[in-house]
Each structure stands twice: as C-alpha cells, then as structure tokens.
**Student:** 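One structure is given below, represented as structure tokens, and several questions about it will come after.
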Amino acid sequence: MKYNFNERIERKNNHSAKWEEMDKKFISNDLWPMWIADMDLKTAPEIINSMKEKVEQGIFGYVYRPDSYYRSASNWCERRFGYKLDPSTLINSPGVVPTLSILIRQLTEIGDSIIIQSPVYYPFACVVKDNNRNLVENYLIKDKNNKYIIDFDDFEKKIIENQVKLFILCSPHNPVGRVWTREELERLSNICLKYKVRVISDEIWRDIIMPGFTHIPTASINKVIEKNTITCFSPTKTFNLAGLQSSFVVFPQKKEWENFDRELGILDIKRNNPFSLVAFETAYTQCDTWVDEVNNHISSNMDYVINFINEHLPLIKTKKPEGTYLMWLDFSALNLNKDELSKFLQEKARVAVDDGFWFGETGAGFERINVACPRYMLEIGLNKIKDAIDKSF
C-alpha cells in the first residue's frame with residue numbers, strides 16, 4: 001500500500017477530545033479510547049501538504065470560496081457515485097448537526113413530528129427535541145440473519161398516525177453499518193412523497209464503504225425524489241477532518257437554498273476557515289487513492305475484530321458493517337442492564353466505548369466501537385474486554 005495506516009501517533013498532546021475529554025462522558029480520562037467517530041489515522045499527506053502551504057503564508061484572515069471549491073465536491077460525487085450535482089445547488093455549512101437544527105426550524109413548526117430510524121446517531125433525537133418538535137421513531141428490525149432492515153409498514157403507519165412533516169435519514173447508517181440499497185431508498189422516498197414528508201439525507205459516511213457494497217445518493221434515484229431531498233455530506237469523516245468543522249448541503253429548491261444562506265448570514269457563520277477551504281478542495285481533487293486504501297485498512301480491521309470475537313469472546317456477537325468505520329457489538333448475552341454494562345466496560349475493562357442506549361432504547365445491550373485506527377489499538381482494547389469478561393463471567 002502507498003500509505004501507512006498502522007503508524008502509532010501520540011494524540012495526548014494535541015487537545016484530542018477522544019483521548020483527553022473522556023472524563024466528560026466516562027468515569028475517568030485514562031480509559032482506552034474506542035469511542036467517538038474520529039480516526040486515529042493521519043489524514044492524507046496531500047491534504048497535510050496543502051495546509052502546510054497555507055501555514056507558510058503566515059496570514060490567516062478571512063477567505064472566500066472560489067467556484068473550484070464547489071466544483072471539486074460536485075466532481076467527487078460524480079466520480080465516486082455516478083451522480084452529477086449542479087455546483088450551484090451546494091452551500092457550505094458549519095457541520096451536519098447545525099444544519100439539521102437550522103433545517104428543522106425552517107421546514108417545520110413547533111410541535112410538528114419528525115421521524116428517525118432508531119437506533120441511530122444520537123444527535124438526531126437531541127436536535128429534534130431541543131427544537132421542541134415531536135420525535136417519532138421507526139425502529140430498525142433484524143432479519144433471520146441478524147441483519148438490520150427497515151420496517152416499512154411501521155414507517156408508513158407512524159407517518160400517518162403522527163402527521164410527520166420531516167424524515168431524517170442516516171445513509172449509510174450509524175451505528176448499525178447498513179448501506180441502504182437503491183430499492184430500500186426508493187421505497188422510503190416514495191412513502192415520503194405520498195404523504196408530503198420532506199427528506200433530509202445525512203450522507204456524511206458515504207465514502208467509507210466496504211468491499212462489495214455501493215453507496216447510492218438518495219437524491220440520485222430520480223428527479224422527483226431529488227426535488228424532495230436535501231442532502232448533507234462532508235469530507236470530515238472520510239479524511240479525519242472533523243475539527244475543521246465544515247460541511248456541504250445540497251438544496252434542490254432555490255428558495256430553500258436562499259433561506260438557508262440568509263440564516264447563516266444572520267448567525268454570521270457563512271465563511272470557511274482558511275484550512276477547511278484548502279483541505280476540502282484537496283481532498284476532493286487529489287485523494288481518491290487514499291480513500292480506497294483507508295477503506296481497505298478499515299475492512300481489514302473489521303475482519304480482525306470479527307475473528308478475535310469468534311475466537312476469544314463467544315458471548316459477544318457482531319456482524320461486519322457494510323459501511324462506516326464503526327462496529328455494533330451485541331453484549332446482551334452478559335445479561336447486564338444498560339447501566340451495569342456501561343459500568344462493567346469502564347470499571348473492569350477500562351475501555352471507553354459508545355453505549356448503545358445513547359442511540360435509542362433499542363440500542364440497549366449494544367456498544368459501538370471505532371475501528372479507524374492502527375491495528376495495535378484494537379489489539380489492546382479487545383484484550384482488555386476479553387480479560388474483564390474472562391474474570392467476571
């Protein structure tokens with residue numbers, strides 16, 4: 001491989017939330033970090049070099065976005081997913097979650113119902129409730145092969161019963177790792193069209209796809225669905241750039257683009273910082289090979305986790321994700337309630353993982369781990385869990 005993804009990098013001296021902010025969510029700051037969705041991998045050297053050039057200029061004042069910035073994102077989407085975006089439909093935003101909050105206020109009224117598919121990225125529920133909207137949950141279910149699938153009948157029923165106005169879709173899905181098929185996305189979208197439900201498709205994980213699977217942008221299915229779908233995406237997860245706090249939104253309707261742009265202006269958060277500007281454009285123009293290789297590394301890490309669990313942790317069950325760099329581990333055979341499981345992993349195993357119940361009540365008994373790291377980190381973390389279970393069960 002061209003890139004080394006097993007390099008050990010000391011992160012305790014770079015103000016890393018993953019390594020030095022654990023005590024805000026966990027019992028202490030000296031747990032082994034397997035939580036929060038950022039990589040313990042250096043970003044692409046092409047991006048580092050472009051940022052070095054910016055540093056060497058020595059001036060970090062206000063910057064504007066050239067047309068090439070939006071073209072790079074549009075061309076990436078066409079190159080990677082076969083979907084041609086009009087650059088004029090794109091707008092920059094501070095991040096996906098702030099975008100959700102703004103869109104919820106612009107597209108719905110206080111008390112309106114918004115549907116999500118649980119267990120799902122927990123800020124979805126928070127941003128709905130914090131904006132005084134009614135949260136409706138369509139629970140994902142497991143088929144006979146323990147694969148998460150959509151309960152379409154329940155989805156439609158919940159929309160009718162609650163007069164749902166907005167659907168926030170997670171595609172690919174965090175934390176269960178599904179990469180939705182064209183047929184699944186089309187069926188969801190057609191139900192939303194039938195009942196006049198707007199769709200926000202959070203596609204921040206669209207680039208982290210495992211071999212054998214293909215991400216389908218929701219808006220690419222047909223022109224009618226495209227017009228009903230607002231898409232959020234970003235290179236931040238893909239290239240480990242989350243700290244640069246910037247993302248893209250695709251608006252199929254010009255008036256909504258203008259309303260969103262106006263809101264960013266009111267909040268005075270329309271500009272990029274100098275580094276996100278060059279990092280994002282470099283990512284989308286020079287780093288295809290890096291993404292291909294990082295996906296191979298993540299896939300290999302997932303295989304390692306599965307093999308370790310099969311050999312050493314028979315009480316834990318998991319399935320290889322189709323996308324994202326997150327794995328969803330089923331600890332229910334330990335027969336611990338959600339608080340007992342969280343306490344056990346922190347106090348006995350001394351690891352920090354994302355508790356499943358954070359993602360909704362159906363996540364209880366599960367834990368989410370991050371495998372976008374050098375292999376040694378997985379070896380240490382999994383052995384800590386093994387030792388704790390061996391001593392206690």
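Here, residue 1 is the first one in the sequence, and each next residue gets the next number.
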**Student:** Quick one: does Leu334's side chain get under 4.5 Å of Leu341's, heavy atoms only?
**Tutor:**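 Answer yes - side chains close enough.
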
**Student:** Do Arg182 and Ser220 have side-chain atoms, one donor and one acceptor, less than 3.5 Å apart?
**Tutor:** no

**Student:** Determine whether Leu188 and Val199 make a side-chain contact, defined as any pair of heavy atoms from C-beta on separated by less than 4.5 Å.
**Tutor:**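 A side-chain contact is absent here, since even the closest heavy-atom pair is not under 4.5 Å.
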
**Student:** Is a donor on one side and an acceptor on the other found under 3.5 Å between the side chain of Arg133 and the backbone of Thr108?
**Tutor:**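 Yes, Arg133 side chain to Thr108 backbone: donor-acceptor pair under 3.5 Å.
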
**Student:** Without swapping roles, check the side chain of Asp23 against the backbone of Asn29 for a donor-acceptor pair under 3.5 Å.
**Tutor:**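 No, the answer is negative, given that no donor and acceptor are paired below the 3.5 Å cut-off.
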
**Student:** Using a strict cut-off of less than 4.0 Å between a Lys/Arg side-chain nitrogen and an Asp/Glu carboxylate oxygen, indicate whether Lys343 and Glu340 qualify as a salt bridge.
**Tutor:** no

**Student:** Is the shortest side-chain heavy-atom distance between Gln163 and Lys165 below 4.5 Å?
**Tutor:**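 Yes, at least one pair of side-chain atoms sits under 4.5 Å.
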
**Student:** Is there a side-chain contact between Tyr304 and Leu382 in this structure, where contact means two heavy atoms from C-beta onward sitting under 4.5 Å apart?
**Tutor:**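 Tyr304 vs Leu382: side chains touch.
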
**Student:** Which residues pass the side chain to side chain contact (heavy atoms under 4.5 Å, CB included) test with Asp86, not counting sequence neighbours?
**Tutor:**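 Residues passing side chain to side chain contact (heavy atoms under 4.5 Å, CB included) with Asp86: Ser88, Thr89.
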
**Student:** For the pair Glu7 and Lys42, find out whether any cationic side-chain nitrogen is under 4.0 Å from an anionic carboxylate oxygen.
**Tutor:** yes

**Student:** Would you call Lys147-Glu322 a salt bridge at under 4.0 Å N-O?
**Tutor:**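 The answer is yes: the pair qualifies as a salt bridge.
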
**Student:** Donor-acceptor pair, Asn273 side chain versus Phe275 backbone, under 3.5 Å?
**Tutor:** yes

**Student:** Checking Tyr69 against Asn272: is there a side-chain donor and acceptor pair closer than 3.5 Å?
**Tutor:**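 The answer is yes; a qualifying pair exists.
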
**Student:** Does Lys12 come within less than 4.0 Å of Asp30, counting only side-chain N to carboxylate O?
**Tutor:** no

**Student:** Does a side chain donor of either Thr229 or Thr218 reach within less than 3.5 Å of an acceptor in the other side chain?
**Tutor:**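 No, no side-chain donor-acceptor contact under 3.5 Å.
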
**Student:** Compare every heavy atom of Pro321 with every heavy atom of Met210, then report the nearest pair and how far apart it is.
**Tutor:**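 Heavy atoms of Met210 and Pro321 come nearest at CG-O, 3.4 Å.
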
**Student:** Establish, from distance only, whether the side-chain atoms of Ser342 and Gln346 form a donor-acceptor pair under 3.5 Å.
**Tutor:** yes

**Student:** Is it the case that Arg262 and Asn259 place a side-chain donor and acceptor less than 3.5 Å from each other?
**Tutor:** yes

**Student:** Centre of Tyr62's six-membered ring, under 6.0 Å away, within 45 degrees of the axis: is that where NZ or CZ of Arg271 sits?
**Tutor:**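 Verdict for Tyr62: a cation-pi partner in Arg271.
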
**Student:** Does the side chain of Ser246 pick up a donor-acceptor pair with the side chain of Asn92 at under 3.5 Å?
**Tutor:**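 Per modelled atom types, Ser246 and Asn92 side chains form a pair under 3.5 Å.
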
**Student:** Would the Tyr195 and Phe167 ring centres measure less than 6.0 Å apart?
**Tutor:** no

**Student:** So, Phe393 versus Phe344, ring centres under 6.0 angstrom or not?
**Tutor:** yes

**Student:** Quick test of your reading of the model: are Asp390 and Lys386 salt-bridged, counting only N-O distances below 4.0 Å?
**Tutor:**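 Answer for the salt bridge query: yes.
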
**Student:** Is there a donor-acceptor contact under 3.5 Å from the side chain of Ser16 to the main chain of Lys18?
**Tutor:** yes

**Student:** For Phe280 together with Phe239, are the ring centres under 6.0 Å from each other?
**Tutor:** no

**Student:** Taking 4.0 angstrom as the limit, do Asp288 and Arg80 come out as a salt bridge?
**Tutor:**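 The answer is yes: the pair qualifies as a salt bridge.
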
**Student:** Is Phe248 reachable from Val63 through a run of hydrophobic residues whose side-chain heavy atoms are each under 4.5 Å from the next?
**Tutor:** yes

**Student:** Between Tyr122 and Trp358, how do the two ring planes meet: parallel, tilted or perpendicular, split at 30° and 60°?
**Tutor:** perpendicular

**Student:** Between Ser299 and Lys320, do the side chains contain a donor N or O and an acceptor N or O under 3.5 Å apart?
**Tutor:**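 Looking only at side-chain atoms, Ser299 and Lys320 do form a donor-acceptor pair, the distance falling under 3.5 Å.
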
**Student:** Between Arg178 and Glu184, is there a side-chain heavy-atom distance shorter than 4.5 Å?
**Tutor:** yes

**Student:** Salt-bridged, Asp354 to Arg368, with N to O below 4.0 Å?
**Tutor:**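 Result for this pair is yes, salt bridge flagged.
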
**Student:** Are Val371 and Trp35 connected, step by step, through hydrophobic side chains (Ile, Leu, Val, Met, Phe, Trp, Tyr) whose heavy atoms are closer than 4.5 Å?
**Tutor:** no

**Student:** Testing the basics here: between Thr324 and Gly177, what is the closest heavy-atom pair and its distance to 0.1 Å?
**Tutor:**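 Result for this residue pair: OG1-CA, 4.4 Å.
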
**Student:** Is a side-chain donor or acceptor of Thr231 paired with a backbone partner of Ser201 at a separation under 3.5 angstrom?
**Tutor:** no

**Student:** Less than 6.0 angstrom from the centroid, inside 45 degrees of the normal: does Arg206 satisfy that with respect to the ring of Phe233?
**Tutor:**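 Pair Arg206/Phe233 counts as cation-pi.
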
**Student:** Are the aromatic ring centres of Tyr325 and Trp205 under 6.0 angstrom apart?
**Tutor:** yes

**Student:** Is Asn240 reaching over with its side chain to a backbone N or O of Leu41, donor-acceptor style, under 3.5 angstrom?
**Tutor:**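 Checking the backbone N and O of Leu41 against the side chain of Asn240, a donor-acceptor pair under 3.5 Å is found.
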
**Student:** Side chains of His173 and Gln117: is there a donor and an acceptor less than 3.5 Å apart?
**Tutor:** no

**Student:** Surrounding NZ of Lys254 (heavy atoms of other residues, nucleotides or ligands, distance under 6.0 Å), is the total greater than 12?
**Tutor:** yes

**Student:** Looking only at non-hydrogen atoms, find the nearest pair between Lys237 and Ala37 and report the distance.
**Tutor:**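 Scanning both residues, the minimum pair turns out to be NZ-O, 3.0 Å.
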
**Student:** Any side-chain heavy atom of Ile208 sitting closer than 4.5 Å to one from Thr238?
**Tutor:** yes

**Student:** Considering all heavy atoms of both residues, which atom of Leu244 and which atom of Ala279 are nearest to each other, and what is their separation?
**Tutor:** CD1-CB, 3.7 Å

**Student:** Assess the side chains of Trp19 and Asp40: does a donor N or O sit below 3.5 Å from an acceptor N or O?
**Tutor:**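 A donor-acceptor contact under 3.5 Å links the two side chains.
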
**Student:** Does Asn145 offer a backbone N or O that forms a donor-acceptor pair with the side chain of Asp143 under 3.5 Å?
**Tutor:** yes

**Student:** Restricting to non-hydrogen atoms, name the atom on His215 and the atom on Pro172 that form the minimum distance, rounded to 0.1 Å.
**Tutor:**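 In terms of heavy atoms, the two residues are closest at ND1-CD, 3.7 Å.
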
**Student:** Using only atom types and a distance under 3.5 Å, with no angle test, would you say the side chain of Asp355 pairs donor to acceptor with the backbone of Phe357?
**Tutor:** no

**Student:** What verdict does the side chain to side chain contact (heavy atoms under 4.5 Å, CB included) test give for Phe359 and Phe124, after you've listed the backbone C-alpha separation in whole Å, the side-chain angles of each residue and the deciding distance to 0.1 Å?
**Tutor:** CA-CA 9 Å; Phe359 301 86; Phe124 281 16; over 6 Å; no

**Student:** Provide the closest heavy-atom pair for Leu90 versus Ser74 in the form atom of the first, atom of the second, distance.
**Tutor:** CD1-N, 4.3 Å

**Student:** Does any N or O in the side chain of Asp261 come within less than 3.5 Å of the main-chain N or O of Trp257, such that one atom is a donor and the other an acceptor?
**Tutor:** no

**Student:** Check whether the side chains of Ser300 and Arg375 place a donor and an acceptor atom closer than 3.5 Å, and report yes or no.
**Tutor:** yes

**Student:** Ignoring hydrogens and angles, tell me if any N or O in the side chain of Asn134 forms a donor-acceptor pair with the backbone of Gly111 under 3.5 Å.
**Tutor:** no

